[in-house]
There are 2 protein chains.
Amino acid sequence: MILEIMQRAEKRIPHIVISRLPVYLRALRLMETQGKPYTSSQELAAWLGCTPAQIRKDLSHFGEFGKQGTGYSVNGLQKHLRNILHLNSEWPVIVVGTGHIGSAIANYTGFAERGFRVVAVFDNDPIKIGSQVGQFVVRDVAEVAAFVSEQPIRHAMLSVPADAAQSVADLLIKNGINAILNYAPVHLTCPPSVQVEYIDPVLHLQVMTYSVG
Amino acid sequence: MILEIMQRAEKRIPHIVISRLPVYLRALRLMETQGKPYTSSQELAAWLGCTPAQIRKDLSHFGEFGKQGTGYSVNGLQKHLRNILHLNSEWPVIVVGTGHIGSAIANYTGFAERGFRVVAVFDNDPIKIGSQVGQFVVRDVAEVAAFVSEQPIRHAMLSVPADAAQSVADLLIKNGINAILNYAPVHLTCPPSVQVEYIDPVLHLQVMTYSVG
DNA sequence: TAGATTGTTAATCGATTAACAATC
DNA sequence: TAGATTGTTAATCGATTAACAATC
């Protein structure tokens, strides 16, 4: 039993599997608001447009969360997924860059609802520093070091212009940030200990024009 | 020769290949601003953190765009990619939903810079209809049918609350929209002729906490 | 018990990569 | 010519899926 757990822990779980867990979690939350106590891999798959086998296979990397004949407890599986993803406590996040995107991010309430609290907003433009963005006073990006050393912040959302993104990312990493959600439309080159995820809406539109056009 | 082209056209190109073309295009644009006339699969791969073989393989689905010994013309390859993706003319896009995200999208200049023009903004909230969002007057979503029939609009960005997303998507599809970029944190069930892409920043943050946490 | 659904195995399917002849 | 890099092939690698014994 303990051996099994250890063996499981040794295996490196594919990123593609990890990336689907939050999607399952999102669907389970929705099921819960609809008052659904149990679900099955089949039902979940129908909601998500994937196969039941994929869901069961994905979950099997982490343990056995279901019951034959019954399926999964909606609430129970959520708890397991939150444990796996380390979403039990709220995570602080900083926003760097206060253009249109940065301001929108800073004011978006959807983060706090799902476990991430924007705690500060930074920019390097002297005109913007000290100004108000939503409930935040924009801080000088030069103060990131001091700010991050005060509290253990690991996540940053990066919304600076493309040509500044790499150097700002380097600065953030130097100061202890190791998870960057990059809204700037450029690839970032970072050490392997740092995780980077990308959001660029134009990419999605362009992909769709391939078959629409 | 003609036979080869026909054979190529018959093959169904994997979505994952299509999804990388805009990334290549984005890098080539950046190279061009830096005054670089030529590049190679090796250099491009180094910029993007992928392998040179992958880039060559991806491009080989569509034709032969490089020269042995020399590589690719930065400008020439951009043109080929724009042709493939149907990005030669500007595409009109509508925004549906004018919360924080919708407003930010409507005001974001990054779309027009890369070939997509936001032409109208819709909502179903009577309080919002008629109000100003950036340069747009918010229209009643009930007018989508009339608006879309006037000009051939295929793309919509959907930023309504999660529980309204499916029904609004259905309405858009009924009126001729067949590419939806969905910002609402729910899976949409749509006919196969309709393409849906998803953006949910929280998903990315949650994925990163798996290993950061 | 009978029906349902799990977790897992093995087969299938598809994507990535290394290697190299062709050639600029 | 010599060096560099392509496009393509074949091998490898990894992900998805179907099927089913186990069992609630």
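Please read these numbers as outputs of a predicted model, since none were measured by experiment. Every chain is numbered from 1, with letters handed out A, B, ... down the list of sequences.
- Counting heavy atoms of neighbouring residues, nucleotides and ligands inside a 6.0 Å radius, atom CD of Glu90(B) exceeds 12 of them.
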Listed pairs, N/O of protein and of nucleotides 19-21 of chain D, under 3.5 Å:
{"from": "dA19(D)", "atom 1": "N6", "to": "Arg56(A)", "atom 2": "NH2", "distance (Å)": "3.2"}

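- Applying the ring-ring contact (aromatic ring centres under 6.0 Å, His included) test to residues at least two apart or on different chains, the pairs with a partner in residues 173-192 of chain B are His187(B)-Tyr198(B).
- Screening residues 147-180 of chain A for ring-ring contact (aromatic ring centres under 6.0 Å, His included), with sequence neighbours left out, gives Trp91(A)-His155(A), Phe116(A)-His155(A), Phe122(A)-Phe147(A).
- dT6(D) atom C1' lies 16 Å from atom NE2 of His61(B), rounded to whole Å.
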Dot-bracket encoding per residue of DNA chain C, Watson-Crick/G-U cut-off under 3.5 Å, | denoting interstrand: ..||||||||||||||||||||||
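- Between Tyr72(B) and dG7(D) there is a side-chain polar atom (N or O) within less than 4.0 angstrom of OP1 or OP2.
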Between protein and nucleic acid, restricted to nucleotides 14-16 of chain C and to nitrogen or oxygen atoms under 3.5 Å apart, what atom pairs and distances do you find?
{"from": "dT16(C)", "atom 1": "OP1", "to": "Arg20(B)", "atom 2": "NH1", "distance (Å)": "3.0"}
{"from": "dT16(C)", "atom 1": "OP2", "to": "Arg20(B)", "atom 2": "NH2", "distance (Å)": "3.0"}

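- For the pair Ile55(B) CD1 and dT5(D) C1', the computed distance is 13 Å after rounding to whole Å.
- Remark: of the listed residues Leu203(B), Leu205(B), Ile199(B), Ile199(B) is the sole one forming a side-chain contact (heavy atoms from CB on, under 4.5 Å) with Pro201(B).
- Rounded to an integer number of Å, the gap from CG of Leu59(B) to P of dG7(D) is 7 Å.
- Inspection of the Asn75(A) and Glu32(A) side chains reveals an N or O donor paired with an N or O acceptor under 3.5 Å.
- Using a 4.0 Å cutoff on non-hydrogen atoms, the parts of residues 23-50 of chain B near DNA chain D are Ser40(B), Ser41(B), ordered by number.
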